[in-house]
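Read the structure below first, then the notes.
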Amino acid sequence: MIEHRVLLGVRAAYGSLLLVRPSYVCTVLAGRPPDTVTCATAGVLGVRHPAQAALTPRLGPRAAPAGVATDLAHALSMPVLATVVPDRRRICLTDAAIATAFCLADTERFGRAAATAATAARGTGGCRPPSPGARPVT
């Protein structure tokens, strides 16, 4: 289990690197220097990661569905792009793996937080199942 602050730091650093040095990141991910379109696209898409890393702590669990959905949509769209544009296959599939990792990490973290909140609610007078033999409330 990764500490959530670490995950946010990794996300912010990855996105910042995409913004500042998209050609470097694309070269590492693709194994060759990127074309202009790939480089520009990476820079634009890189904006999301620092923004998400900044907003997630402020919004807390409310941010989870949108963040997970965004990462999942990105992870699912990259293999499609890899099929349509085969010369970008490696970078697309690598980026899909990165988006999947972020998606799974956020799902695990917020799922754990939701389970903890539910347990706390049960322990402090939240909704409880009726006790065996309890009379129904009318």
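Keep in mind the model is a prediction, meaning the values are calculated, not measured.
- Between the CG atom of D35 and the OG atom of S23 there is a distance of 12.0 Å, given to the nearest 0.5 Å.
- Closest approach of P50 to V47, counting heavy atoms only: CD-O, 3.3 Å.
- Cluster membership check: L17 shares its hydrophobic cluster with V6, using side-chain heavy-atom separations under 4.5 Å among Ile, Leu, Val, Met, Phe, Trp and Tyr.
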* side chain to side chain contact (heavy atoms under 4.5 Å, CB included) evaluation trace for D71 with R48 -> CA-CA 10 Å; D71 287 327; R48 176 178 70 89; 2.7 Å; yes

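- For the side chain to side chain donor-acceptor pair (under 3.5 Å) test, no residue two or more places apart in sequence or in another chain qualifies with R90.
- By the criterion of side-chain heavy atoms lying less than 4.5 angstrom apart, applied directly or through intervening Ile, Leu, Val, Met, Phe, Trp or Tyr residues, V25 is grouped together with V10 in one hydrophobic cluster.
- For the atom pair C26 SG and R88 CZ, the distance stands at 9.5 Å (nearest 0.5 Å).
- In this structure, the side chain of R89 does not engage the main chain of V85 through any donor-acceptor pair within 3.5 Å.
- Atom CD1 of residue I98 and atom SG of residue C103 lie 14.0 Å apart, to the nearest 0.5 angstrom.
- Residues T70 and A66 come closest through the heavy atom pair OG1-O, 2.7 Å.
- Q52 contributes atom CD, which lies 6.0 Å from atom CG of D106 (distance to the nearest 0.5 angstrom).
- With hydrogens and angles disregarded, no donor-acceptor distance shorter than 3.5 Å links the side chain of T56 to the backbone of A53.
- The environment of CZ in R21 is sparse: at most 12 heavy-atom neighbours from other residues, nucleotides or ligands sit within 6.0 Å.
- To the nearest 0.5 Å, atom CG of residue L72 and atom OG1 of residue T100 are 7.5 Å apart.
- Rounding to the nearest 0.5 Å gives a distance of 8.0 Å between CG of L18 and CG of L45.
- Inspection of the T27 and R32 side chains reveals no N or O donor paired with an N or O acceptor under 3.5 Å.
- Residues in residues 34-66 take part in these ring pair (Phe, Tyr, Trp, His ring centres under 6.0 Å) pairs, two or more places apart or across chains: Y14-H49, H49-F102.
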